[in-house]
Amino acid sequence: MPRRTVYEASIEYMQILDEHGNLDEKLAKDTLSDDDVVYMYEHMVTCRQLDEIAFKLQRSGRMGTYPQNKGQEAAAIGSGFAAKKGEDWLVPCYRENAALYMHGLPMHYILLHWMGDERGNQIPDGVNITPISIPIGTHMLHAVGIAWAMKLRKEPRVVLTYFGDGSTSEGDFHEAMNFASVFQTPTVFICQNNQWAISTPRESQMNSETVAQKALAYGMPTCQIDGNDIFAAYKATKEATDRARAGGGPSFIEMVTYRLGDHTTADDARRYRDQAEVDAWKEKDPIIRTRLYLESRGLWDDDRQIKLQDRAKTIVSEVVKAAEDIEKPGTDDFFDHMFAVLPEHLIRQRDTLRTSSIGQNPEQAGLRATPARV
Amino acid sequence: MPRRTVYEASIEYMQILDEHGNLDEKLAKDTLSDDDVVYMYEHMVTCRQLDEIAFKLQRSGRMGTYPQNKGQEAAAIGSGFAAKKGEDWLVPCYRENAALYMHGLPMHYILLHWMGDERGNQIPDGVNITPISIPIGTHMLHAVGIAWAMKLRKEPRVVLTYFGDGSTSEGDFHEAMNFASVFQTPTVFICQNNQWAISTPRESQMNSETVAQKALAYGMPTCQIDGNDIFAAYKATKEATDRARAGGGPSFIEMVTYRLGDHTTADDARRYRDQAEVDAWKEKDPIIRTRLYLESRGLWDDDRQIKLQDRAKTIVSEVVKAAEDIEKPGTDDFFDHMFAVLPEHLIRQRDTLRTSSIGQNPEQAGLRATPARV
Amino acid sequence: MANLTLVQAINLALTQEMQHDDRVVLLGEDISINGGVFRVTEGLHERFGSDRVIDTPLAESGIMGTSVGLAIAGMRPVPEIQFEGFLGPAYDQLVNHAGRMRVRTRSALTIPLTVRVPVGGGIHAPELHSDSPEAIYTHSKGIKVVMPSTPYDAKGLLISAIRDPDPVIFFEPKRVYRSFREEVPEEEYTIEIGQAKVVNEGSDITIVTWGAPVYQCLAAMDNLPEDVSVELIDLRTIYPMDIDTVIQSVQKTGRCVIVHEAPLTAGLGAEISSQIQESCFLYLEAPVQRVAGFDTIMPYYKLELSYLPEAPRIEKGIKECLAY
Amino acid sequence: MANLTLVQAINLALTQEMQHDDRVVLLGEDISINGGVFRVTEGLHERFGSDRVIDTPLAESGIMGTSVGLAIAGMRPVPEIQFEGFLGPAYDQLVNHAGRMRVRTRSALTIPLTVRVPVGGGIHAPELHSDSPEAIYTHSKGIKVVMPSTPYDAKGLLISAIRDPDPVIFFEPKRVYRSFREEVPEEEYTIEIGQAKVVNEGSDITIVTWGAPVYQCLAAMDNLPEDVSVELIDLRTIYPMDIDTVIQSVQKTGRCVIVHEAPLTAGLGAEISSQIQESCFLYLEAPVQRVAGFDTIMPYYKLELSYLPEAPRIEKGIKECLAY
Ligand SMILES: Cc1ncc(C[n+]2csc(CCOP(=O)(O)OP(=O)(O)O)c2C)c(N)n1
Ligand SMILES: Cc1ncc(C[n+]2csc(CCOP(=O)(O)OP(=O)(O)O)c2C)c(N)n1
Ligand SMILES: [Mg+2]
Ligand SMILES: [Mg+2]
């Protein structure tokens with residue numbers, strides 16, 4: 001046949017909880033219980049509190065650059081809720097605090113990281129999370145590698161990896177998607193499409209109508225959902241993790257959301273985007289709609305809200321205290337973790353730096369004498 | 001609407017000249033004239049001759065590693081025929097000799113390259129071709145950059161870039177496709193899907209049914225064609241170049257073909273692929289079918305064939321002579337082209353190497369005396 | 001003449017080169033409307049439009065690789081890599097393509113590109129925002145490497161880089177971006193690539209450095225006894241290196257300290273030290289001293305000042321070298 | 001004991017490590033059925049199956065990045081990069097991820113990976129198949145760099161590398177792959193990473209080298225006058241470097257020539273020369289001499305032997321150093 005169709009595809013969008021708090025009961029069936037929603041709501045509010053305080057810490061000089069998560073909590077928490085704590089892995093970027101916290105990361109680790117302290121990356125044993133990733137797009141390959149190990153060892157575990165719309169432009173994204181698909185690793189690719197990569201709008205990053213269609217290149221199951229809807233985020237992720245756990249390989253989920261804050265505290269988004277756009281998205285805030293939903297089901301009221309806010313404040317202020325009270329790291333730290341066994345020249349550098357010499361020339365620190373010329 | 005389709009796509013396959021030499025007249029309309037086909041046939045046969053001789057040169061120790069093009073001539077020549085000589089650019093890999101030759105590259109340049117001589121890359125002025133690319137997947141970005149320059153300067157020129165199925169796994173492929181699409185550069189991406197990347201079959205490189213669908217990720221026009229069919233290769237490429245020239249941006253074409261030889265002369269394909277597969281593809285050889293077609297139209301006969309073969313032999317043996325007769329390059333050459341103006345230390349290295357000193361320490365070459373200690 | 005910061009001097013050089021050569025195009029992440037994360041390209045998009053000040057997708061290899069193509073086709077691309085830590089994904093295109101194109105085509109194709117890269121530590125930035133990879137690109141060949149430390153030098157060197165027919169990495173020490181202002185002529189001028197500058201003449205010891213540590217060296221010098229006469233050399237260009245200026249100085253002083261932020265081992269200090277030894281063997285009164293970053297990964301910012309060669313450590317290095 | 005080539009010795013080490021540790025997996029381009037383009041992994045796919053000897057898509061960053069993930073999850077990946085020229089696309093994952101993971105997580109996550117990479121010139125290969133990038137990875141930190149020159153050393157060092165809890169680049173000099181055979185014990189043994197080997201003891205001059213140039217140095221030594229006593233050191237490990245062995249030797253001989261294939265400027269010769277100067281200042285009778293590749297791109301193969309430090313050039317270097 002001279003001309004024939006050799007490939008066909010289509011991609012679906014899903015929303016279950018709309019911005020007014022209305023639920024599509026049919027789609028919501030067998031997803032989240034009332035308790036689940038309350039739990040997730042409380043987490044979102046607590047993480048929003050963390051976000052506000054982190055912002056203030058930066059502004060008052062108590063912390064370095066920080067990227068606010070505000071507005072994207074549903075994508076993080078809805079997807080993270082499908083992961084099994086202590087079993088599955090999360091391989092994040094930096095806008096998923098809510099998922100990390102829920103998956104067991106002590107919250108002050110997040111602050112420590114942004115306070116310029118590697119101990120914020122020293123994830124406790126048993127918490128299956130890789131540290132916040134500063135370079136964009138590179139960590140999805142690690143997620144694929146971890147998932148691949150699970151598969152090779154025949155462990156029924158999955159890996160969720162988070163990244164932004166911007167990061168899908170990197171070559172490593174492509175290679176990660178392809179490896180995952182070729183080796184059918186149990187990886188769930190979660191793209192938080194928040195419409196912007198710093199100042200670059202989605203349309204300037206790609207010429208495709210959806211991010212989701214990028215997965216077609218790899219023959220990978222893909223969908224687009226309302227990322228401010230915990231039901232849709234959970235349902236799509238649960239389907240993907242179930243499939244992956246059963247040996248069905250990787251999936252891609254585009255979560256359509258919005259970065260309500262600046263890119264980071266070093267950024268000023270007013271330079272490049274309209275307030276009207278921000279305002280329109282504020283209406284779609286995941287916290288608002290979840291509360292509306294809970295209220296409509298009689299599961300929430302002002303009193304509970306006030307109590308929750310108090311609790312969140314307490315939690316976060318304890319977290320700030322934990323992060324700020326930690327003793328200053330010593331200079332040994334950046335030597336001692338270079339290798340399992342420190343080579344001699346690093347021991348010398350470490351020790352001479354301790355003695356406040358210039359730390360490099362052993363003779364000068366008296367650690368190795370230059371014998372006289374023979 | 002809770003669930004809706006947000007994206008749909010389909011991809012077409014096209015064949016015009018089948019392996020028995022039968023032509024789909026309707027699709028062939030307004031494509032190649034009889035003269036064109038004769039011209040292209042003659043080119044293919046000449047390049048096949050080059051291929052055989054190059055193979056022998058390597059086997060007899062007169063040339064280094066060489067990658068045979070055998071079986072893929074239609075993809076090269078059919079697409080290359082849509083390019084305007086002296087106007088459009090070709091940015092090749094290493095299996096498009098026929099396209100390069102037709103586009104104006106003196107054939108002995110190809111041999112010089114594989115003889116380990118950079119002068120094979122010193123493309124003459126006015127021939128718009130970048131040199132054979134050894135690293136896989138990296139040159140498509142250059143093609144996009146060149147096309148981008150054309151667009152910025154509002155020149156109605158296009159860039160054709162060639163690459164294999166294997167190279168579509170590289171991150172740079174992804175970035176090239178995305179940049180081309182975002183900036184709507186006049187680039188035609190021509191994938192010679194010859195089923196193998198050295199020993200790795202297509203199915204182990206990707207989990208997608210077609211290579212063509214990789215372009216959907218970028219919202220780029222895409223199709224799959226019979227790559228052993230000069231009509232389909234020409235028609236698909238012409239549509240793409242016309243669109244690009246008119247400002248319609250990039251296109252992707254998957255040309256389904258087959259590498260009839262080993263990967264290179266350093267390879268032994270019997271280690272990893274079945275002879276039956278090779279034999280089946282031999283039936284689909286583009287040269288056979290083009291000849292059958294020409295004969296069926298009364299445009300070709302044994303006599304013309306013998307004459308053509310003689311001519312091809314003469315051309316190629318002259319080419320071999322040109323490549324072998326060139327004087328050995330001098331050591332100055334690898335210094336003199338490092339920068340437009342050579343920095344002093346490179347001049348010193350070059351000159352001391354000339355004087356057969358070790359070429360590095362100026363004192364020892366007497367070029368800079370060490371004055372006695374003051 | 002205007003009193004400009006390093007950021008402003010670079011901005012001025014870009015503006016003037018774009019004005020007088022329409023082959024010059026800027027491309028990179030967030031460089032257009034946003035003016036770049038350090039605001040170095042501020043105002044250029046308004047002035048020159050979207051065809052010449054181009055926001056790219058987030059893809060460093062793409063930025064570098066398309067710049068190679070633009071250069072082949074006769075443009076003069078000036079890509080920006082947002083931070084030196086993100087040169088990593090562009091490494092292959094820069095080193096194996098930009099740096100090789102001329103020689104592998106025996107000058108048939110040339111790559112007049114200037115990649116601008118903020119570099120170095122000391123600004124309390126996150127991971128991979130504080131490195132000093134200049135030695136890597138110096139060893140890689142085919143690429144010139146420039147790192148100015150003053151607004152005046154930055155303007156003159158950037159203009160030279162953009163006009164250079166070959167690839168140049170233009171490292172901008174972020175710690176100096178806004179640390180002070182300096183008189184910078186309004187008119188265009190060039191500073192030759194490959195010329196060091198003697199910042200301070202002296203006779204007892206030579207200090208060789210480049211980029212932000214120039215200021216740490218000056219601070220260290222302030223703390224030395226009055227009678228110590230230091231010759232301070234700012235290399236400005238790292239490759240090709242003005243080793244003659246260094247050699248002349250060391251032949252005069254007999255002692256040398258080299259200061260850089262990058263890790264010690266296989267850093268540029270090693271190259272300079274070796275060349276000094278080769279050319280000043282009979283002049284040296286003490287081993288050439290290197291004061292550099294340690295052989296570790298640059299720590300996060302809580303510890304960055306312990307890692308960097310700050311004034312006290314440089315002072316110590318000078319004293320130890322003098323006492324030998 | 002068997003009489004093995006370098007290729008066979010590496011194959012044997014891989015076989016034995018895979019047999020005794022099922023966390024060891026090999027991945028790379030064309031390494032399974034094809035046995036790798038140099039046949040180093042020949043027979044391993046048949047023996048260990050597709051889950052442990054894995055053909056990947058053609059994507060070096062993917063190979064390195066998934067290896068980082070595999071290592072995080074407790075495997076011991078041994079990726080192969082087909083030629084050193086294709087380390088370029090893997091550079092970012094290797095340097096900014098594999099090399100940093102332990103220190104940035106304060107040892108919470110570790111990367112026990114060994115990347116095998118054929119390296120160096122002299123085999124008449126195409127472009128980007130003949131480079132020597134070891135200095136780049138030595139300066140990058142967090143990665144050990146090994147380059148054996150004999151079958152015996154290769155086996156012992158590769159076993160050490162695979163068992164090492166940290167990332168190791170294992171460079172295999174292709175020029176030596178099949179150039180000779182040597183007795184290699186059948187049983188497993190390790191050679192400590194970070195130990196140089198004195199190939200020849202001597203008292204007049206020290207030669208420091210590694211990889212294929214070891215044989216060019218031996219050839220050069222054959223041409224020296226009988227009474228010249230050369231101490232030849234094969235570093236074997238480039239990082240961490242056994243500088244003590246070098247220093248002891250130079251303190252004995254007072255003279256040193258360093259030989260490497262990579263370009264001179266900012267190559268490892270510079271680091272070694274600087275350290276010798278720092279530690280042997282009062283012993284040196286002549287400047288430390290470097291005989292290396294030139295500051296150019298490695299030429300295509302017609303000229304490669306003019307670029308590489310072949311025996312005549314080394315001989316000249318030795319004589320010039322002795323005559324100083
Ligand atoms: C490899 C790399 N290049 C550039 C940067 C600088 N940078 C940090 S965040 C960012 C934008 C990321 O956009 P996106 O992936 O959409 O994530 P978002 O910030 O919107 O959550 C850029 C360019 C980086 N961190 N890493
Ligand atoms: C970046 C890079 N990695 C690996 C190689 C080694 N190599 C040369 S050709 C090849 C396979 C290429 O396959 P494909 O793209 O399908 O082209 P084909 O050879 O089939 O025409 C490989 C792996 C290379 N040249 N460059
Ligand atoms: Mg985003
Ligand atoms: Mg192929």
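Throughout, protein chains are lettered first and strands after them, A, B, ... in sequence-line order, and every chain is numbered starting at 1.
- Heavy-atom distances place the side chain of B/Phe183, and not its backbone, under 4.5 Å from chain C.
- Look at C/Arg106 and B/Glu118 and you find a salt bridge, because one of the NZ, NE, NH1 or NH2 atoms lies within 4.0 Å of a carboxylate O, short of that distance.
- Within the 4.5 angstrom heavy-atom criterion, atoms from both the backbone and the side chain of C/Pro57 approach chain B.
- We find that B/Arg348 and C/Asp244 are joined by a salt bridge, their nearest charged nitrogen and carboxylate oxygen being less than 4.0 Å apart.
- Checking B/Asn121 against C/Thr105 by side-chain atom types alone, no donor-acceptor pair falls below 3.5 Å.
- C/Asp92 touches chain B through its side chain: at least one heavy atom from C-beta onward sits under 4.5 Å away, while N, CA, C and O do not.
- Looking at B/Thr130, the atoms closer than 4.5 Å to chain C (heavy atoms on both sides) sit in the backbone and in the side chain alike.
- For C/Ile143, the part lying under 4.5 angstrom from a heavy atom of chain B is the backbone only.
- Contacts of C/Met101 with chain B are made by side-chain atoms alone, with heavy-atom separations under 4.5 Å and no backbone atom involved.
- Using a 4.5 Å cut-off between heavy atoms, B/Met150 contacts chain C through its side chain alone, with no backbone atom that close.
- Both the backbone and the side chain of B/Ala340 come within less than 4.5 Å of a heavy atom of chain C.
- Neither the backbone nor the side chain of B/Asp125 comes within less than 4.5 Å of any heavy atom in chain C.
- Rounding to the nearest 0.5 Å gives a distance of 10.0 Å between CD of B/Gln122 and CG of C/Leu109.
- For chain C, the nearby part of B/Ile132 is the backbone; its heavy atoms alone come within less than 4.5 Å.
- The part of B/Pro135 that comes within reach of chain C is its side chain, from C-beta onward, which places non-hydrogen atoms under 4.5 angstrom from that chain.
- C/Thr66 has its side chain out of reach of B/Glu175: every pair of non-hydrogen atoms, C-beta onward, lies at least 4.5 Å apart.
- Only the backbone of C/Asp55 comes within less than 4.5 Å of a heavy atom in chain B; its side chain stays farther off.
- Within 6.0 Å of CG on B/Asp325 lie more than 12 heavy atoms contributed by other residues, nucleotides or ligands.
- Both the backbone and the side chain of C/Ile63 come within contact range of chain B, each with at least one heavy atom under 4.5 Å from a heavy atom of that chain.
- Among C/Ser107, C/Ala71, C/Gly74, the residue making the largest number of heavy-atom pairs under 4.5 Å with chain B is C/Ser107.
- Here the side chains of C/Pro240 and B/Glu344 are not in contact, with every heavy-atom distance at 4.5 Å or above.
- Between atom CG of residue C/Leu27 and atom CH2 of residue B/Trp148 there is a gap of 5.0 Å, rounded to the nearest 0.5 Å.
- Under the 30°/60° scheme for interplanar angles, the aromatic rings of C/His97 and B/His142 are found to stand perpendicular.
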